[in-house]
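Written below as structure tokens is the structure these notes are about.
Side-chain atoms are counted along with the backbone in the values below, which use heavy atoms only and exclude waters and symmetry mates. When a ligand or atom number is given, it counts from 1 through the structure's own listing order. Predicted, not measured: the structure shown is a model, and the values here were computed from it.
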Amino acid sequence: MIRLFETIRAKLESGARISDAEALALFESPDLLGIGELAAQANRRRNGDKVYFNLNRHINYTNLCVNRCTFCAFCKGEEDEGCYTLALNDILAKAGAAAAAGATELHMVGGLHPELPFDFYLEMLAAVRADCPQLHIKAFTAVEIDYFAQLTGQSVEQVIAELKEAGLGSMPGGGAEIFAARVREKICPEKISGERWLEVTEKVHRAGLKTNATMLFGHVEEYVDRVDHLARLRRLQDRTGGFQAFIPLAFQPDNTRVPGAKGVGGVDALKTLAISRIYLDNFRHIKAYWVMLGLKIAQVALAFGVNDLDGTVVEEKIGHDAGAESPQALSREQLCALIRKAGRVPVERDTLYRELRQF
Ligand code: V47
């Protein structure tokens with residue numbers, strides 16, 4: 001075990017990358033602090049003391065979805081109580097309020113709606129851009145892009161070009177879950193495959209848009225599936241350089257239907273964030289999404305290789321429908337205090353990681 005840590009430390013110092021076997025050995029190691037120290041060192045070399053956050057707002061325009069992912073408590077069918085689709089005016093009101101509050105980003109995702117035409121999404125982007133040109137629109141995922149291509153009979157490239165033309169600025173990293181087919185069969189049997197997620201994301205990168213990547217962990221996957229997930233992301237990033245941040249999402253179990261789900265404790269969350277930092281040497285940013293982690297683990301994660309806390313969020317449904325106990329929103333002051341009390345330097349960024357203000 002001591003040799004494993006020495007080998008990895010030497011690799012990090014020389015700029016070499018760790019192997020899949022070494023990543024798996026880290027997952028299997030009980031030495032949380034040892035792993036954290038390696039991750040903190042890897043992050044310090046890349047990002048110094050800075051921790052990024054942004055002023056953003058989530059808008060989930062619909063929770064209607066043709067898929068039935070067993071981990072998802074947010075998506076509903078047309079017959080279900082609580083299903084909704086926001087009218088364009090409501091979306092514009094939320095966007096306008098975000099802009100007035102100083103936000104720089106809208107994060108817009110939703111279910112795969114059974115009836116809305118592709119034009120709805122184009123009009124939504126164009127209307128938000130016309131009303132609030134100061135807001136960067138980070139929207140949809142590879143899952144939605146594939147769905148729009150099916151809806152319209154157009155190629156993925158055409159769909160991306162039209163969304164970009166209408167105002168799409170970048171894409172969040174959702175829908176990745178765990179790439180391994182054996183796991184997807186249990187948690188999202190109707191969703192596009194892991195291979196398709198990677199293929200569509202590659203096309204998004206080739207079209208000049210940045211994206212993030214996520215990994216949903218703590219359900220039925222094994223460590224080997226997490227390593228496989230990280231490996232596929234590292235290979236794609238080698239080809240495109242289009243990923244900005246990697247975001248491990250801690251599974252929230254309430255109102256979900258994943259038989260035998262393991263759940264995520266603090267140790268597993270910190271270990272997963274840290275190993276992601278060590279393994280993904282070609283990702284600049286590792287984000288602790290406080291909504292799913294809770295504020296205290298997200299703050300402690302800053303000592304485990306993390307350099308981004310996401311943003312103000314304002315209205316969050318996906319995690320909270322599944323029992324997340326974090327607040328709905330954080331202010332800039334609260335984010336800065338979390339970061340400062342961890343001994344780090346808060347830096348407000350825009351979606352593309354341009355630094356706006358250091359605190
Ligand atoms: O794709 C769904 C996950 C994702 C649950 O890119 C769940 O900046 C935990 O992708 N427990 C959506 N997670 C959220 C997402 C995201 C969030 C913040 C920032 C960014 C970014 C991306 O949430 C889904 C799915 O993987 N999810 N249900 C659940 N029960």
Side-chain angles (χ1 to χ4, degrees), residues 52-54 56-60 63 65 67-76 104-112 136-147 169-179 183-184 187-188 191-192 194 197 201 204 209-221 229 233 242-258 261-264 268-269 272 283 285-294 298 306 308-326 329-330 349-353:
Y52 295 103
F53 69 93
N54 72 351
N56 66 351
R57 191 207 202 283
H58 285 212
I59 299 179
N60 301 122
N63 64 354
C65 190
N67 284 353
R68 281 289 164 278
C69 301
T70 58
F71 61 78
C72 185
F74 168 70
C75 283
K76 301 262 186 306
T104 57
E105 171 190 289
L106 284 185
H107 176 137
M108 302 176 82
V109 292
L112 303 181
H136 175 111
I137 306 175
K138 181 179 85 172
F140 315 122
T141 68
V143 179
E144 282 114 304
I145 303 288
D146 173 81
Y147 187 61
S170 66
M171 255 174 44
E177 323 314 355
I178 284 279
F179 292 137
V183 176
R184 278 179 116 72
I187 63 166
C188 51
K191 190 168 258 175
I192 57 169
W197 189 96
T201 299
V204 174
L209 294 180
K210 297 287 186 194
T211 78
N212 292 328
T214 57
M215 174 176 76
L216 179 67
F217 70 102
H219 38 88
V220 294
E221 86 291 358
H229 191 92
L233 289 174
F243 289 118
Q244 298 200 112
F246 177 64
I247 311 154
L249 295 170
F251 176 58
Q252 312 292 310
D254 290 4
N255 308 315
T256 64
R257 297 155 282 110
V258 189
K262 297 174 190 122
V264 179
D268 191 23
T272 304
F283 276 64
H285 308 287
I286 302 293
K287 186 189 280 190
Y289 185 42
W290 56 262
V291 168
M292 306 293 187
L293 294 168
V306 162
D308 191 306
L309 279 188
D310 199 76
T312 44
V313 178
V314 180
E315 184 183 14
E316 203 287 327
K317 294 182 187 299
I318 297 171
H320 286 89
D321 284 354
E325 288 174 355
S326 50
L330 289 181
R349 62 165 174 84
D350 69 6
T351 307
L352 301 174
Y353 285 84

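Ligand 1 places these atoms under 4.0 Å from at least one heavy atom of Ala322: 30 (N). Those atoms of ligand 1 that come under 4.0 Å of a heavy atom in Lys138, given as number and element, are 8 (O), 21 (C). Every atom of ligand 1 is numbered from 1 in the order shown, and the set under 4.0 Å from a heavy atom of Leu216 is 7 (C), 9 (C), 13 (N). Of all atoms in ligand 1, numbered sequentially from 1 with element shown, those under 4.0 Å from a heavy atom of Ile247 are 6 (O), 8 (O), 20 (C), 21 (C). Near Asn212, the atoms of ligand 1 lying under 4.0 angstrom from a non-hydrogen atom of the residue are 6 (O), 8 (O), 21 (C). Of all atoms in ligand 1, numbered sequentially from 1 with element shown, those under 4.0 Å from a heavy atom of Gly174 are 1 (O), 10 (O). Atom numbering of ligand 1 starts at 1 in the shown order; those under 4.0 Å from a heavy atom of Lys287 are 8 (O), 21 (C). In the vicinity of Thr214, heavy-atom distances shorter than 4.0 Å reach the ligand 1 atoms 10 (O).
Partner of Met215 under the side-chain contact (heavy atoms from CB on, under 4.5 Å) criterion, out of Leu233, Thr272, Leu249: Thr272 alone. Tested against Glu105, the residues His58, Arg57, Lys138 include a single side-chain contact (heavy atoms from CB on, under 4.5 Å) partner, Lys138.
Of the heavy atoms in Thr141, none comes closer than 4.0 Å to ligand 1.
Between Pro172 and ligand 1, no pair of N/O atoms sits closer than 3.5 Å. Between Gln252 and ligand 1, an N or O atom pair is found at a separation short of 3.5 Å. Below 3.5 Å of separation, one finds no N or O of His107 facing any N or O of ligand 1. Any N or O atom pair closer than 3.5 Å counts here, and His58 shares no such pair with ligand 1.
Between Phe140 and Val109, every side-chain heavy-atom pair lies at or beyond the 4.5 Å cut-off. You'll find the side chain of Val313 reaches within 4.5 Å of the side chain of Asn56, heavy atoms only. Proximity of Tyr289 to Leu309: side-chain heavy atoms (C-beta onward) are nowhere separated by under 4.5 Å.
Taking atom 23 (O) of ligand 1 as the reference point, the nearest protein heavy-atom neighbour is Leu249 CD1, 3.6 Å. Counting only heavy atoms of the protein, atom 5 (C) of ligand 1 lies nearest to Phe71 O, 3.8 Å.
Ring planes of Phe179 and Trp197: tilted class, angle from 30 to 60°. Between Tyr52 and His285, the ring planes lie perpendicular to each other; the angle is over 60°, past the 30° to 60° tilted range.
Counting only N and O atoms by type, the side chains of His136 and Ser170 include a donor and acceptor under 3.5 Å apart.
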task: Begin with the C-alpha distance, continue with both residues' side-chain angles, and end with the deciding distance and a verdict on salt bridge (charged side-chain N to carboxylate O under 4.0 Å, His left out) for Arg349 and Asp308.
output: CA-CA 10 Å; Arg349 62 165 174 84; Asp308 191 306; 2.9 Å; yes
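Under a 4.0 angstrom heavy-atom cut-off, Ala250 registers as being in contact with ligand 1. For Ala73, the heavy-atom gap to ligand 1 stays at 4.0 angstrom or more.
A centroid separation of 6.0 Å or more is found between the aromatic rings of His219 and Phe71.
Among Tyr289, Phe243, Trp290, the residue whose heavy atom lies nearest to atom 18 (C) of ligand 1 is Tyr289.
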